[in-house]
Amino acid sequence: MNDSEMRRRELLRQTRKMYGERRDIPAVHPRYGRIYQELYGNEKTQEKQTGEGSFYLRLVIGILCFICFVYMDQSQAKVAEVDSTAITNQIEKDMDVEAVKEVWKEFQ
């Protein structure tokens, strides 16, 4: 075994040791980082993913909106000249799909 072969083996051993102990995600383009984490994520990334959802925030906002609506309906209150009847009418109103498509095309 010559010196260059010994040097290569030593470098290979050091590289394996360096990358074998680390469990970090390798350098991945930011665009593909989330996909890489989903496919090969370790325990740290899986713990973060379970706690990241926005479901509870959206649930709380929905409940608060419903409570405000019920309060407006029971007390006949008006907020910005809008009462619960106007909100109900807007919810029940049929939507013109063609108008939405035209507006959407203007923004694209």
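On a predicted model such as this, the values are computed, not experimentally measured, just so you know.
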For this session: For Arg13, enumerate each residue passing the salt bridge (charged side-chain N to carboxylate O under 4.0 Å, His left out) test, keeping only those at least two apart in sequence or located in another chain.
Result: Glu10
Problem set entry | Inter-residue atom distance Glu92.CD - Asn89.CG, 0.5 Å rounding | 6.5 Å
For this session: Could you pull out all residues at least two apart from Glu102 that satisfy salt bridge (charged side-chain N to carboxylate O under 4.0 Å, His left out)?
Result: none
Exercise. To the nearest 0.5 Å, how far apart are CG in Asp3 and CZ in Arg8?
Worked result: 11.0 Å
Side chains of residues 70-79: which donor-acceptor pairs under 3.5 Å do they make with residues two or more places apart or in other chains?
from  : atom 1 : to    : atom 2 : distance (Å)
Asp73 : OD1    : Ser84 : OG     : 3.0
Ser75 : OG     : Tyr71 : O      : 2.8
Gln76 : NE2    : Asp73 : O      : 3.1

For this session: Any chance you could measure Lys93, atom NZ, to Ile91, atom CD1, to the nearest 0.5 Å?
Result: 13.0 Å
Seminar exercise, completed: Rounded to the nearest 0.5 Å, the CG atom of Asp83 sits from the CZ atom of Phe69 at a distance of 9.5 Å
Exercise. Do Leu64 and Val60 come close enough that some side-chain heavy atom pair is under 4.5 Å?
Worked result: yes
